[in-house]
Amino acid sequence: MIYNFKEIEEKWQMKWLKEQAYRAQADDTRKKYYLLEMFPYPSGKIHMGHVRNYAIGDVAARFKRLQGYNVMHPMGFDAFGQPAENAAIKNKTKPDTWTHKCIKDMGTELKRMGFSYDWEREVITCDSDYYKWNQWIFLKMFEKSLAYKKASAVNWCSSCQTTLANEEVADGSCWRCHTKVEQKDLEQWYLKITAYKEKLLEDLGQLQEWPQRVLAMQNNWLGKSSGVDIYFGLKDSDKVISVFTTRVDTIFGATYIVLAAEHPLVKDLIKGKPQEKEALKFIDKVAKESKIVRTASDVKKEGVFTGSFAINPVNNEEVPIWIADYVLMEYGTGAIMAVPTHDQRDFLFAKEHKLPMRVVIQPKEQQLKVENLIQAYEGDGVQVNSQEFDGLSNLEAKEKIAAWMEKKGIGKIQTHWRLRDWLISRQRYWGTPIPIIYCSKCGIVPVPYKDLPVELPSEAPFTGEGGSPLGKVKEFVEVKCPKCFGLARRETDTMATFFDSSWYFLRFCSPKFEAAAFDIQEAKYWMRVDQYIGGIEHAILHLLYSRFFTKFFQDLGMIDFSEPFERLLTQGMVLKDGEVMSKSKGNTVDPDSMIKNYGADALRLFILFAAPPETELEWDERGLEGAFKFLNRVWRIHENLKTKAEDIIIKNLHKTIKKVSEDFSAFKFNTAIASLMELTNTIYQHGADKDVFSKLVIMLSPIAPHFAEELWQILGNQESIFKASWPKYDAQLLIEENVELVIQVNGKVRSKIEVPLDISESSLKELVLKDEKLIPWLGNKPPKKFIVVPQKLVNIVI
RNA sequence: GCCGAAGUGGUGGAAUGGCAUACACGUCGGUCUCAAAAACCGAUAAGGGCAACCUUGUAAGGGUUCAACUCCCUUCUUCGGCACCA
């Protein structure tokens, strides 16, 4: 007999919705648990990645409820963004219409999976009652000079026809459409995330429950590097070139310096020099090279001499100044001191252009000589040719030289970062309008708070062909200046959508609150997010921005913590035949058809059983079939319940309760399910009574909620199974009187014996030595050593 | 180059110093059936042996330990992040 999953799942889904079974209310008398999964972009259809992400979250939410926590488990939609615009163009509809239809369709699919969301808290970022607060946050940042406008070379995607943040560029290409990113000079809005760089780095230390790899990625992204800025004077002028180095110990070996082609002093340095023409040609060439070509590591290092000289401030030596393509304006000061003997890039460049070298660090095991060098020596050693620092270890010298230079005023201990401010202007329609007005008299004027929201006009002529579509909406653009009431124009760019998702977890605490972005009291109860679950692809972008916003809200005094997510779980991808499921590869499996064939419960069970949450999961429909068979196997138990279960079953049950409780707490769902399967197998051998079966059903309920709810009702319960409490195990029952000991000889298993739990070591020894199976191994020599691990094993060494 | 994660049967995976391969998939065999499906029961790392058993085995090599998938060192491979980063 097969249980009727279709009927059962529909029935309970309707009931849960009608009764608002998963409504969460703040309650100071109860311990809260805020469980959050990354909300989806409303594409219209859920995919297996969503199913996995949300199945993991739902099990945790339901488990915590059964344990008595007051659980908030909200869901919403990250609804602004380019795909809606593209789809609207394609389907000749409006992004708003298209998006809301997708939200509806996707909501239906999520409901069909039986996820226990509090739908009353649904947040949709493209609705003005949400994005109004994006604008409010932007204005607050503007007030604190954390939002500012700047002209600069920016990343430009010609296919998306918009600018991109540094975080949105991967391998020199647009993260969304993989088009090669170009550089363009534009005036754009930035958020000053760099104001929080130290705190963003330091607070990573708080995040004990985050995966190592995410912490490592954030650390890399922030890219702090400590060193010294050294001031090189010019030979023929009083200008100064500042270079940055992390190897100040090699300063006495600096035989030339190199500037990036874009360095502001370059034009001055070459002016009137015989090399001027050649240098200008080179600068022009570098400017045309794309960043990808320039940063490819196998490219030959090219450069030209400026004709000018600088003075090395530690020894007053004259050193030539070069321009080269391997020095980047974006990093450090855009200028380096070159130490060819101890830096491989400088070495290659010096060889190529026949520049001088000097060894200043001698390794212990060999004697370096400039004429014999075939590569730079980048390791540690002892200082030589370094005046009073000779003889010191270079590590010691590094600190001493830095301090000495600071004292003499020729250098400064300095830190450089990789992190850049966040460019948020997008030349697209479907996003939050930036609440700024440009007045020819008053300049940049923020929209007054009382005028929020700046509504996104419902009609705009977007064609996908570039230029901000809002710029063509006259009624939107033309506005009175809030200060002088003269004619002014609105900003026509919209905000990057990562702005929207940088604080939605706070909005969930009070999604309908009208007086502020969130209700401080509600946030005080619900925040921080106890468990956050989502894909590794957000390891940098979304998680970094959210951490930044949280720190900003803390500075505004609206919250009293600086990190939003206490625990983070990044779930692995779903693969098919070893490859990531994706539309472009055409190897996707539609969750909907799986629900039709096997039910949502079986799908949830399979996806949780097939692999631990963090690792990749290989899709296997036969495995799904197996999960379905298991549910049927459990289902049939209720038809044959005994009045009293045997002791062995009771013991097994309590062992299982212990194991499943521990595994659920640690998000080890695959092994939890394995123990439930083992218990089921034992029940097939020995039978179960109503109590044992009820407990099995409760333990299964977070994974297969409809299935469990139905069985719970069949067992005669009136209330929902999710009002029941998680079973507790009786430690007494887990204590065995006898225990099987493994007997090893020289570490190899040779026998097993059953002994009383509290056997003394001497009587155990006596017993073991009498074991006939051991005779061939022990011979008649006395054992050298006799190791006893209580209740586990004995190892005899001969 | 730097940083991070991983490598275990035919397959997904389990075991974090103490019986390697739990649980499941697949395969094979059996029960039931006119038959099939379903269901139920059993076998299933490799090699050797009629068998009881024995040997080998967790990417490779070495080490620590009575005992190593697990800890340490070296190397290889795969995946991910950063990178002419000074």
Side-chain angles (χ1 to χ4, degrees), chain A residues 1-2 170 211-225 227-228 243-248 250 257-258 260 294-301 324-328 330-339 342-346 348-349 378 416-418 536-537 539-540 572-573 575 606 609-612 614-627 629-630 632-633 636 668 670-678 680-681 684-685 740-752 773 776 783-798:
Chain A
M1 208 195 94
I2 291 176
Q212 272 305 312
R213 57 173 173 167
V214 175
L215 296 176
M217 282 160 82
Q218 293 235 342
N219 204 344
N220 278 344
W221 192 262
L222 295 167
K224 181 177 184 173
S225 94
V228 179
V243 307
F244 175 68
T245 181
T246 55
R247 290 293 306 273
V248 73
T250 63
I257 70 176
V258 190
R294 273 187 71 181
T295 53
S297 49
D298 51 347
V299 165
K300 200 166 96 184
K301 299 178 185 358
D325 56 0
Y326 77 97
V327 174
L328 307 175
E330 308 86 88
Y331 188 77
T333 58
I336 62 160
M337 64 172 197
V339 185
H342 303 294
D343 180 287
Q344 185 61 17
R345 288 158 304 166
D346 297 343
L348 293 174
F349 191 81
E378 294 180 338
H416 284 276
W417 297 74
R418 217 191 80 86
I536 187 74
E537 67 275 18
I540 296 172
M573 306 229 202
L575 311 182
F606 165 69
F609 177 59
E614 302 85 356
T615 62
E616 291 178 332
L617 182 149
E618 177 67 34
W619 177 260
D620 179 9
E621 194 166 333
R622 285 182 303 202
L624 174 56
E625 223 174 286
K629 278 186 193 171
F630 169 69
N632 278 304
R633 219 166 129 77
R636 281 190 297 271
K668 287 159 83 174
N670 55 332
T671 49
I673 292 167
S675 5
L676 292 172
M677 285 173 168
E678 278 178 83
T680 304
N681 291 344
Y684 264 74
Q685 279 166 31
E740 193 186 52
L741 287 190
V742 170
I743 314 298
Q744 298 181 332
V745 178
N746 284 346
K748 288 200 159 105
V749 182
R750 296 303 181 192
S751 181
K752 290 173 188 184
K773 278 192 190 151
K784 229 192 259 171
K785 236 181 180 180
F786 196 87
I787 293 143
V788 178
V789 183
Q791 295 171 47
K792 277 202 176 133
L793 94 171
V794 173
N795 190 13
I796 306 165
V797 187
I798 53 166

Inter-nucleotide [atom1] distance ([N], [M]), Å rounded:
N     : M     : atom1 : value
B:A46 : B:G81 : C1'   : 39 Å
B:G42 : B:A22 : P     : 15 Å
B:C72 : B:C50 : P     : 45 Å
B:U70 : B:G62 : P     : 14 Å
B:A14 : B:U78 : C1'   : 22 Å
B:G12 : B:G18 : C1'   : 27 Å
B:G61 : B:C53 : P     : 30 Å
B:C19 : B:C69 : P     : 10 Å

Distance-only donor-acceptor hits, side chain of residues 615-624 of chain A, under 3.5 Å, sequence neighbours excluded:
| residue | atom | partner | partner atom | Å |
| --- | --- | --- | --- | --- |
| A:Thr615 | OG1 | A:Pro612 | O | 3.2 |
| A:Glu618 | OE1 | A:Gly578 | N | 3.0 |
| A:Glu618 | OE2 | A:Asp577 | N | 2.7 |
| A:Asp620 | OD1 | A:Arg622 | N | 3.1 |
| A:Glu621 | OE2 | A:Tyr598 | OH | 3.0 |

Whole angstroms only, please: what is the [atom1]-[atom2] distance between [X] and [N]?
X        : N     : atom1 : atom2 : value
A:Lys629 : B:G26 : NZ    : C1'   : 11 Å
A:Tyr326 : B:A86 : OH    : C1'   : 9 Å
A:Asp346 : B:C84 : CG    : P     : 15 Å
A:Ile673 : B:A22 : CD1   : P     : 18 Å
A:Leu617 : B:A24 : CG    : C1'   : 13 Å
A:Leu215 : B:G80 : CG    : C1'   : 15 Å
A:Tyr684 : B:A24 : OH    : P     : 12 Å
A:Tyr331 : B:A86 : OH    : C1'   : 7 Å

Relative to the 5' end of RNA chain B, which residue comes earlier, A:Gln212 or A:Met337, by the nucleotide with the nearest heavy atom?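 Of the two residues, A:Gln212 wins.
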
Only counting residues at least two apart or in another chain, list the ones meeting ring pair (Phe, Tyr, Trp, His ring centres under 6.0 Å) with A:Phe630. none

Does CE belonging to A:Met573 count more than 12 external heavy atoms closer than 6.0 Å? no

From the list [options], which nucleotide is the closest neighbour of the side chain of [X]?
X        : options             : result
A:Ser225 : B:G4, B:C19, B:A86  : B:A86
A:Val749 : B:C84, B:A24, B:A20 : B:A20
A:Leu328 : B:C41, B:A5, B:C85  : B:C85
A:Glu740 : B:A24, B:A86, B:C19 : B:C19
A:Ile540 : B:G4, B:C82, B:A39  : B:C82
A:Lys752 : B:C84, B:C19, B:U55 : B:C19

Over all strands shown, is [X] touching base, sugar-phosphate only, or nothing at heavy-atom distances under 4.0 angstrom?
X        : answer
A:Phe786 : nothing
A:Asn746 : nothing
A:Val742 : base

Counting only side-chain N and O atoms of [X], is one of them less than 4.0 Å from OP1 or OP2 of [N]?
X        : N     : result
A:Arg345 : B:C85 : yes
A:Arg213 : B:A6  : no
A:Arg633 : B:C40 : yes
A:Lys748 : B:U56 : yes

List in chain and number order the residues that pass side-chain contact (heavy atoms from CB on, under 4.5 Å) with [X], two or more places apart in sequence or in another chain; answer none if no residue qualifies.
X        : value
A:Tyr331 : A:Ser225, A:Phe244, A:His416
A:Glu678 : none
A:Arg213 : A:Pro211, A:Ile536, A:Thr570
A:Phe349 : A:Tyr256, A:Lys301, A:Trp322, A:Ala324, A:Tyr326, A:His353, A:Leu355

What pairs meet the salt bridge (Lys or Arg N to Asp or Glu O under 4.0 Å) rule with one or both residues in residues 786-798 of chain A, with sequence neighbours excluded? none

What does the list of N/O pairs under 3.5 Å between the protein and nucleotides 14-18 of chain B look like, with a distance for each?
| residue | atom | partner | partner atom | Å |
| --- | --- | --- | --- | --- |
| B:A14 | OP1 | A:Asn670 | ND2 | 2.8 |

Under the rule for side chain to side chain donor-acceptor pair (under 3.5 Å), what residues qualify as partners of A:Arg633, not counting sequence neighbours?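 Per chain and number, A:Arg633 pairs via side chain to side chain donor-acceptor pair (under 3.5 Å) with A:Asn681.
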
Residues which pass side chain to side chain donor-acceptor pair (under 3.5 Å) with A:Thr333, listed by chain and number, not counting sequence neighbours: none

For RNA chain B, please output the secondary structure as dot-bracket, reading 5' to 3'. Pairs are Watson-Crick or G-U wobble, both atom distances under 3.5 Å; mark crossing pairs with [ ], other-strand partners with |, unpaired with a dot. (((((((..(((.....[....)))((((((.......))))))((((....))))..(((((..]....))))))))))))....

Say whether, by atom type as modelled, one donor and one acceptor occur between the side chain of A:Glu378 and the main chain of A:Gln344 under 3.5 angstrom.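 It does hold such a pair.
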
Out of A:Leu793, A:Val788, A:Val794, which residue meets the side-chain contact (heavy atoms from CB on, under 4.5 Å) rule with A:Leu741?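 Looking at A:Leu793, A:Val788, A:Val794, the match for A:Leu741 under the side-chain contact (heavy atoms from CB on, under 4.5 Å) is A:Val794.
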
Sorted by number, residues from residues 618-625 of chain A placing a heavy atom under 4.0 Å from RNA chain B are A:Asp620, A:Arg622

Where does B:G30 fall, syn or anti, if syn means a chi angle no more than 90° from 0? anti

Here the pair of heavy atoms bringing A:Ile540 nearest to A:Gln218 is O-NE2, 3.9 Å

With a 4.5 Å limit on heavy-atom distance, are the side chains of A:Lys784 and A:Ile798 in contact?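 No - every pair of side-chain heavy atoms lies 4.5 Å or more apart.
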
